[in-house]
2 protein chains.
Amino acid sequence: MNLSQNMEDYLKAIFQIGHGESASTSEIAERLSVNPASVTGMLKKLAELKLVEYVSYRGVTLTHAGRKIALEVLRHHRLIETYLAEALGYEWDQVHDEAERLEHHISEEFEDRIAKMLGDPLYDPHGDPIPTKDGRLPPVSRERLADANEGETVTVRRVGSEDSTTLRFLKEHGIRLGAALRITKRDDRTHTITVHVQRTRVDLSNDVCKIIFVERGS
Amino acid sequence: MNLSQNMEDYLKAIFQIGHGESASTSEIAERLSVNPASVTGMLKKLAELKLVEYVSYRGVTLTHAGRKIALEVLRHHRLIETYLAEALGYEWDQVHDEAERLEHHISEEFEDRIAKMLGDPLYDPHGDPIPTKDGRLPPVSRERLADANEGETVTVRRVGSEDSTTLRFLKEHGIRLGAALRITKRDDRTHTITVHVQRTRVDLSNDVCKIIFVERGS
DNA sequence: CCCCACATTTAGGTGTAACTAACTTTTCTT
DNA sequence: AAGAAAAGTTAGTTACACCTAAATGTGGGG
């Protein structure tokens, strides 16, 4: 099946929103920065191709075939991100945009070569799982920093954001994959969590804490 | 100026055909595998943008701005080819197709990083010159193997083809950049040139000899 | 110097994917 | 449960870049 870049982007977006559940027209429109009306049109086309299950006004889910393609695109994206970081020295806040454009244009050959060169990595620079060639997703922590208790010490395992400003902020405060965080204070009124990284103190908004995934213990 | 991938391809094609002289509609159509009528349409658009000088029925040349873009695209293409070969172990017959797709989708950042990593190379795996960032083309040999005399020994400096079958053929017979060839026979009736590479003998058609550029002496 | 073959352009049409505006369906609020 | 707000869809356009078929321009040979 030879899909347009646009179709691939839609499938990826549906996968990332839905994660099994159904995605709404407006969520997809938001993520892809297009008009909701355009989404409706595309969903019909994808449904024709049996890549999604689409019910008017009710949302959309991926079929098995659609999920497979979404995972392939995601594999490309995350392998490229990893490659840019490991082989070309990109920072984790720079890799997303570059990968977003390249993911649709690399060959199977290229995919295989960089995967091999990197030692078939399972996680990208943000800790997101890289789908394997046969379409399995390595396990990830779903434990959010936002849900950790005062006094606990946790290890950063994943940062579920591609926003470069957020990523740069975290990097500058020593919050990177594998970093140990001690939660020193939860202020539920100001929706702020105070953590210590090494010996420095950082205040984090609740929004940021929702996208930082951790493992209990250090 | 933000051009479509297609426009970039047209500018590159015009540059490569014309090399200063004007390119014809049909030459461009042939190179890009599109209908001549489509070329006419695109040339009008490019002329509007002041990227080409176009006179109906007479052909087209690049303006200064158009040439600049063509050189940038060519720089991307050839840097990527070089990178694929040097960093990822591609063979010279595999690099073109991959580069053709990637060249339009890499950032300035990516260009700079691979150029630096490669030590700002001046020639790609085929010996073609890589335009510098400020738009200069490193010098190349224009001496064709087809024009060399019986008994001469020459060094291969450039192979002006991206056709993978041709490139594979040459590779398999030891004809690579830097190889020393001794012209042992010219048969002007069968349009064939016989050369010796190391100790093995190879018969080359005149067509092939026209795209192999050499330097006199070994 | 005229005519013909070939090159090129014009005209009209296709498919993709976006947009806006207007309409319909669903969901929330009271 | 009614009506308003939000979400989603339909209809009609636009832009891009391709195509085919028909018309037109150009240059060389008789």
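Small disclaimer: the values here were computed from a predicted structure and weren't measured. In what follows, every chain begins at residue 1, and chains take the letters A, B, ... in the order their sequences are listed.
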Query raised in the report: Any side-chain donor-acceptor pair under 3.5 Å between B:S107 and A:E98?
Result: yes
Nucleotide N/O to protein N/O under 3.5 Å, stretch nucleotides 15-20 of chain D:
unit_1	atom_1	unit_2	atom_2	d
D:dA17	OP1	B:S4	OG	2.4
D:dA17	OP2	B:K45	NZ	3.4
D:dC18	OP1	B:N6	OD1	3.4
D:dC18	OP2	B:Y10	OH	3.1
D:dC19	OP2	B:N35	N	2.7
D:dC19	OP2	B:S38	OG	2.7
D:dT20	OP2	B:N35	ND2	2.8

**Report entry** Contacts of type salt bridge (Lys or Arg N to Asp or Glu O under 4.0 Å), residue A:E30, not counting sequence neighbours
**Finding:** none
Requested in this report: Tell me whether the OP1 or OP2 atom of C:dT10 has a side-chain N or O from B:T40 closer than 4.0 Å.
Outcome: no
Query raised in the report: How many Å lie between CD1 on B:I28 and P on C:dA7, as a whole number?
Result: 14 Å
Report task. For A:E152, enumerate each residue passing the salt bridge (Lys or Arg N to Asp or Glu O under 4.0 Å) test, keeping only those at least two apart in sequence or located in another chain. Result -> A:R216
Requested in this report: Could you check how far NZ of A:K44 sits from P of D:dG8, rounded to whole Å?
Outcome: 14 Å
Requested in this report: Quickly work out the A:L3 CG to C:dA17 C1' distance and round it to whole Å.
Outcome: 14 Å
Could you pull out every donor-acceptor pair under 3.5 Å between side chains of residues 118-127 of chain A and any protein atom, sequence neighbours left out?
unit_1	atom_1	unit_2	atom_2	d
A:Y123	OH	A:P139	O	2.5
A:D124	OD1	A:H126	N	2.7
A:D124	OD1	A:G127	N	3.1
A:D124	OD1	A:D128	N	3.0
A:H126	ND1	A:E81	OE1	3.2
A:H126	ND1	A:E162	OE1	3.4
A:H126	NE2	A:W92	O	2.9
A:H126	NE2	A:E162	OE1	3.3

Query raised in the report: Is A:S26 near enough to D:dG8 that one of its side-chain N or O atoms lies under 4.0 angstrom from OP1 or OP2?
Result: yes
Requested in this report: Please name all residues satisfying side-chain hydrogen bond (donor to acceptor under 3.5 Å, both in side chains) with A:T40, sequence neighbours left out, ordered by chain then number.
Outcome: none
Query raised in the report: CG of A:L32 versus P of C:dC19: gap in Å, rounded?
Result: 10 Å
Query - Contact under 4.0 Å: A:S24 side-chain N or O vs D:dA7 OP1/OP2 - result: no
Query raised in the report: Among residues 96-107 of chain A, which residues get a heavy atom nearer than 4.0 Å to DNA chain D?
Result: none
Report task. Under the salt bridge (Lys or Arg N to Asp or Glu O under 4.0 Å) rule, collect the residues that match up with A:D112, sequence neighbours excluded. Result -> A:K133
Under 3.5 Å, N/O pairs linking protein and nucleotides 22-29 of chain C:
unit_1	atom_1	unit_2	atom_2	d
C:dT27	OP1	A:R58	NH2	2.9

**Report entry** NZ (A:K68) with more than 12 external heavy atoms under 6.0 Å
**Finding:** no
Requested in this report: Would you list the pairs meeting ring-ring contact (aromatic ring centres under 6.0 Å, His included) in which at least one residue belongs to residues 23-73 of chain A, sequence neighbours left out?
Outcome: none
Query raised in the report: What salt bridge (charged side-chain N to carboxylate O under 4.0 Å, His left out) pairs are there with at least one residue in residues 42-62 of chain B, not counting sequence neighbours?
Result: none
Query raised in the report: What residues, two or more places apart in sequence or in another chain, satisfy side-chain hydrogen bond (donor to acceptor under 3.5 Å, both in side chains) together with B:S56?
Result: none
Query - Listed partners of A:E86 passing salt bridge (Lys or Arg N to Asp or Glu O under 4.0 Å), at least two apart - result: none
